[in-house]
Each structure stands twice: as structure tokens, then as C-alpha cells.
Amino acid sequence: MRQSEYFIPTLKEEVTDAVIPSHQLMLRAGLVRQVGAGIFSFLPLGYKVLKNIIEILRDEMDNIGGQEFLLPALNPIEIWEQTGRVEAMGDVLFHIKNREGLVLAPTHEEIITFHARQHVKSYRDLPQIWYQIQTKFRNEPRPKSGVLRGRQFIMKDAYSLDSSLEGLDVSYNKHYQAYHDIFDRCNLNYFVVGASSGAMGGRQSQEFMVESNAGEDICALCDDCGYAANLEVASSNVKPVGRLDNNDEIEMFPTPNAKTINDLIEQFGLPEERCAKSVVYMVNNEPLLIFMRGNDELNESKLQAIVGTNNIRPAVSEELIKFTGADHGSIGPINLKTKIRIIADNLLKGANGLVSGANKDGFHYKNIDFERDCRIDEWYDLRTIQEGEQCPKCNSKLRVVKAIELGHIFKLGTKYSEALGATFLNSEGVEQPIIMGSYGIGVERILACYIEQNHDDKGIIWEYPITPFDVHLLGINLHNSDELKKGCEEIYEELLYAGFDVLFDDRDVSAGIKFNDADLIGLPLQIIVGKRNYDNGNVEIKNRRTGEREIVPIDGIEEYLLNYEPKSDE
RNA sequence: CGGGGUGUAGCGCAGCCCGGUUAGCGCAUCUGGUUUGGGACCAGAGGGCCGGAGGUUCGAAUCCUCUCACCCCGACCA
């Protein structure tokens, strides 16, 4: 491709709106342009990369027996009502205003299940892996970070249909392996974490993550044993509070100015670990009293998984007074005004000598013995782990990092097949719901994450196979020498003929502009054709990543390129 | 949805507090000339409903009200 005829609007200056490197460089290198919040056009160069990524996705999905569909973005709302997701998705789901009854699909479990219901009738029809690579629409409350979080984005989503849980495991594992192959081929540094399968009855779920400050997920990592988990489910080894030898009688004492755990510690000199925090949540509008160590943070994801719904929220003051008899700061397990289900964090199991609210404003109890003085209905891991705590597997120190979710594999189970009546007859002639898995990858996220991990202060650094072109041919000051121009054209033609995808900077601009644009665009190798070297029968080849330059004879260019890396398969 | 910020030429910005000729600067663009291996130089030119609506005023980019858009932090994130 001749750059003089190709649309690559590079920007010399920084773009103020772009905060993270990938967003900045995608704009400056001419890959994308923003049209609205979370809405982007891919320009030819950016789309070329996207297509390379999609080809890898397609290849690996086909490798595990996936069959590609083209599914509609416009969906009848009825099918979404049947699975309860119109309500569950809320404002995230785009509704068509001038055509009642249609929504823009944010994902495709419903449509896939719809087709399965139509045609999958027997266990002999299973298993199946169906996938698509298409645009999804989600009315994100806050699009951000360039293409990392858009209202419209391309997703590879796959769905497995199986007749048994064992079959689901097989399908799931195939995807697990395919995802590794995909992200490896894209040269990404990533890790896999155990993730929350949500409140809606999934079985197992893992996320493929890229560590990044631009990420919206938080993960715990153990660099020693490889333990990795989303903070939503991460656990750690922390010593339980345990029992004190002297078990004094429970005693109420006035605490008029103590509203928080820190107040109690400061005003009464109490040891932090003996202060129990009580939190009241409304779960499906029923109160639930939760006990944690004083300064631990309740993990709402864990709570959602325990109570089996995501309809939870902290209780407000009126509710606290109504159910416990006291407001914030004085709530505890003893003397509750009404009977409330009480759960507590595992670290408090069997503890005594505890301090907690007396359900009377301005009073606390001390010397509470959870075994002697009150009723705890159940014990769970409820806390959010902290940086530096011990790995649950090997006791090394855990790191807590921000991460971008690239992909998610998820054993769905029968939620959608049951809701939509997608059933089959098993070998005994018994009707059963199809057992499903769901597997998504954000296509633009691969691109953005790659740039996050492969750039320097000059620009992007591409590698095979996702690089938009194999090589950048830079003709320096061609208009000064007909011979040089002719020679450069010949090199271009020969490389094309040899099957290389070449971007040829034949523009009539100064050398500095070409060098800087080339570094910004970031093709892996630059073949620099200048008069001095050319007159000696040579060109200079620069490695974008290392900056190393080599003088190479013109008839050795092809060999050099072939030895550098396998050329992209276009 | 809460908090903060920004809308002035294709891009990046100044001007706004404290209202007053024709709204400015850099980059980019066009013409001519000189340059030519890391974003050249000289001379000239084009390009604006100062986000939109309403108001105050003799007079509004500037003050007031409303509104729209975008960015950041938070909430949310199937």
C-alpha cells in the first residue's frame, strides 16, 4: 500500500481527551476516531489490525469445532422478557424507540437458545459449539478509556450446548485452551482468575485478565504459586480472632461519641481485632445482620453469592431503627428488636471478648462471647482481602492489582434453556434442558491491551501476527533522485510479489516526518531507503522495538525479513 | 445518577474574572521560492454563527438562566 494514497491521519500533538496510552496512540496513529461517548469509527489501519485479531479468533474457535453464526443485533423484546433480562439489564439494554418491541442485543444467549430450542431435539444432536463475532450494544452508564469500554463493541461470543455436565466440562476446557492459544498468538501478557459466577446459578467461571492501571477489575495475585482470583471471590489466610483465656461476663457500657470502629479503638483503648462490626443489608427487602472484624470490608459479591440474589443494599437509618432498635454505630447481635437472620465472617468463629453495639443508641457491649451470648445462624467468608495478606494456597504475600477483563468463560448451566424451553430427549427418552456454557472475548480490548503492553514514548510497537502491515518501506527524499525513486519502487514491487504486506511511504514529505510517523504507527521493521546507502547497493533496516539498525544489501532484504519473523499470513 | 472540569478555525490552546474597534496564537491546509536522514525556512492566502436557546445591556466569546455535548472521579457494569 502506498502511503500517499492511504488514509492514515496521524496526529503530531497529544490528544487531551485520551488519558491512557492505548487510547492516545490509537488516535494519534490514525487507527480510530471518536464519534460520541463510547462510539468509535475504525479507520483503515485500525480495522486492518482488528481483522487480524478476528482471524485469530476465528481460527482458534474453528479449531475446537466452533461453528460461526451471523446473528441479528435487533432482537424481539419478548425473548428477553422470557429470560427476565429486560429487568436484569435495566438501562444497559438499548430499546428502540420508534419501533416498540425491539431491543439492541447486548449479548446473544437468548438468540442462541432460541435456535437451539427450534432444532436441537435429541442428545444425538449434541454437543455443539456456536459462536459469532459481532457488534454488541450496551448503554454503559459511563463509557471510558477509549475502546476499552464502549457502548458499541465487537465481541466474540461462543456458546456450548451439551447433554451432560461432563460434556459441559469438556466444552469448557476446550474454550479454556483455545483462549490461551488466542491470547498467546496475540502476544499478550495475561493471567487467568477464578471469578464470580454471579447470583444467577452458574457453576464455574474464569476470567482472562491483563494487569493494567486502566482496568476496572481488581484481582489478587500470588507471584509464587500462581494463585489468581478476582477480588469478588479472592480469599486469603488470616488468623482467626480466636478466644481469650479470661472470659468475663458480658457488660453494657456507654459510648456516646463512638460512631465508628476507629472511635471505639481511640476512645476506649480497645484492641482492633476484638471490635466486631455489624452491618445490616436488605436482601430482597428482608433485613440481614452481618458481622465482620471491625475494620474488614464486606465483600458484596461474596454476599450476593451466599444469598443467591443481587438484590441487596445497605439498610437505611429508618430500617436500622425499625429492625434493630438502634441507628448506625450501635448495632449488635444482642437485644435485637426483631428477629433477624445473622451471619458472620469465618474469622469471628467462636470468638469471645468482643465489643459490639447494644442495639441502643450510644451503648455497646463488651466481653461478648459468640458462643455463649448470641446466636449466629451461619458462618461464611465475607471479607474483602487486602494487599499483603497470605496466599490461601502457599502463604506467600498476595498482590492486589487492577486488571482489564479480556475474556470470560462461564459454565452457564440451564438458566436460559429452562427459561426458553430448549430441551432435548436423553438416551432414556427423558426431556432435559440443554446444558450451556458461555464464552466471551472483547475484540477491541485485545487491540487496546496489546498497545498498553507494547508501546514507548514514540508510539506503538507492533509484532506479527496482528501488525497491520508486515513492514514499513520508507523512501527518503525520492524526488531528489530518479534513480533512487525507481530503485525504491522496485524494492516495493518485489516485496509485494514475495507476499509481504508492505506499507510504502512514498509521500513527498521530509525525512523527519516519515521517521516520526513510522515510529508512531509502529510496524515491526522499517526499511529505510536513502541515497547514500542505495548508491552502495544497501538499505538500512530498523527494528522498531529495539531501535537497532542494520545495513542490508538490497538483494538480501527478503531473506532478512523471512529470518526476522514469519510474515503475517495475509 | 452524584461530584469536578471543558466546549472559541481541521487539531492544540489564549481571550472570559474586570463587557467596548475587524476574535488572536501555534500546528495543519493552499500558492510561490529556498531547503532535504529525525516533525525545515521566507513571503503571501484561505478558514469562525466563540456548543445551542433565551435574557440583561447602547453594546455579550465575556454577565445571568436554561439546555446539549464531551472528559475525569465515584456509583453502576448482564
Side-chain angles (χ1 to χ4, degrees), chain A residues 9-20 23-24 27-28 30 33-40 75 80 83-94 103-110 136-146 148-151 153 155 157 195-202 205 207 214-218 230 232 300-301 304 310 312-314 404-405 408 410 412 415-416 419 438 440 442 458-459 474-481 484 505 507-520 526 528-534 539-540 542 547 549 551:
Chain A
T10 55
L11 300 173
K12 188 157 83 174
E13 292 176 62
E14 291 226 335
V15 180
T16 27
D17 276 355
V19 176
I20 63 169
H23 188 195
Q24 181 71 233
L27 291 168
R28 290 225 290 130
R33 284 295 178 266
Q34 180 163 346
V35 175
I39 306 172
F40 288 85
N75 286 190
W80 287 83
T83 57
R85 288 176 104 191
V86 174
E87 196 187 349
M89 310 246 4
D91 278 342
V92 172
L93 186 67
F94 278 109
V103 296
L104 290 176
T107 173
H108 280 84
E109 278 86 359
E110 274 77 359
K136 312 278 172 170
F137 299 87
R138 295 183 191 182
N139 188 22
E140 291 289 343
R142 180 146 100 84
K144 56 180 280 200
S145 303
L148 278 178
R149 176 116 180 246
R151 286 153 144 170
F153 58 95
M155 187 181 217
D157 54 335
S196 167
S197 47
M200 305 294 231
S205 162
E207 291 166 330
E216 302 182 290
D217 283 272
I218 303 175
N230 196 303
E232 292 171 347
E300 290 199 355
S301 300
Q304 287 177 353
N310 55 11
I312 64 167
R313 61 171 173 83
I404 297 165
E405 182 186 343
H408 195 168
F410 187 11
L412 269 185
K415 172 176 156 59
Y416 297 96
S438 155
K458 304 283 264 180
L474 305 185
I476 304 303
N477 295 323
L478 298 183
H479 56 274
N480 271 359
S481 159
L484 182 65
D505 194 346
R507 295 175 301 167
D508 187 14
V509 296
S510 73
I513 290 174
K514 293 193 179 195
F515 291 138
N516 282 303
D517 270 352
D519 286 345
L520 177 59
Q526 298 167 12
I528 300 163
V529 184
K531 183 137 184 18
R532 203 169 309 132
N533 282 318
Y534 183 79
V539 296
E540 179 179 314
K542 177 181 156 184
R549 297 152 187 276
I551 304 297

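Protein chains get the first letters and strands the later ones, always in sequence-line order, with residue 1 at the start of each.
Of the N and O atoms on the side chains of A:Asp519 and A:Gln526, at least one donor lies less than 3.5 Å from an acceptor on the other residue.
A donor and an acceptor atom never sit less than 3.5 Å apart when one is taken from the side chain of A:Asn477 and the other from the base of B:G37. Under 3.5 Å, the side chain of A:Glu540 and the base of B:G37 form at least one donor-acceptor pair of N or O atoms.
Taking both residues in full, the closest heavy atoms of A:Lys136 and A:His108 are given as NZ-ND1, 2.6 Å, listed atom of the first, atom of the second, then distance. For the residue pair A:Lys514 and A:Arg507, the shortest heavy atom distance occurs at NZ-O, 2.7 Å. Heavy atoms only, all atoms of each residue included: A:Glu232 and A:Ser301 are closest at CG-OG, 3.3 Å.
Rounded to an integer number of Å, the gap from A:Gln526 CD to B:G37 P is 17 Å. Atom CD1 in A:Ile551 sits roughly 15 Å away from atom P in B:G37 (whole-Å rounding). Straight-line distance from the CZ atom of A:Phe515 to the P atom of B:G38: 7 Å, rounded to whole Å. In this structure, CG of A:Asp517 is placed 17 Å from P of B:G37, rounded to the nearest angstrom.
Residues A:Val15 and A:Leu520 both approach RNA chain B. Their nearest nucleotides, taken by heavy-atom distance, put A:Val15 toward the 5′ side.
In a base pair of the Watson-Crick type (N1 to N3 plus N6-O4 or O6-N4) or a G-U wobble (N1-O2 and O6-N3), with each distance short of 3.5 Å, B:G19 is matched with no nucleotide. In this structure B:G74 sits in a base pair with B:C1, meeting the Watson-Crick or G-U test at under 3.5 Å.
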Next on the checklist: Protein within reach of the bases, or only the backbone? For nucleotides 68-77 of chain B, mark each nucleotide 5' to 3' as B, S or -, using heavy atoms under 4.0 Å.
Outcome noted: --SSBBBBBB
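Going from the P atom of B:U36 to that of B:G52 covers 47 Å, rounded to whole Å. Spacing of P atoms, B:G51 relative to B:G12, comes out at 14 Å, to the nearest Å. Nucleotides B:C49 and B:G5 have their P atoms positioned 28 Å apart, rounded to a whole Å.
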Report each atom pair, protein N/O against N/O of nucleotides 25-34 of chain B, whose distance is under 3.5 angstrom.
unit_1, atom_1, unit_2, atom_2, d
B:G26, N2, A:Glu13, OE2, 3.3

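Heavy atoms from other residues, nucleotides or ligands lying under 6.0 Å from CG of A:Asp91 number 12 at most.
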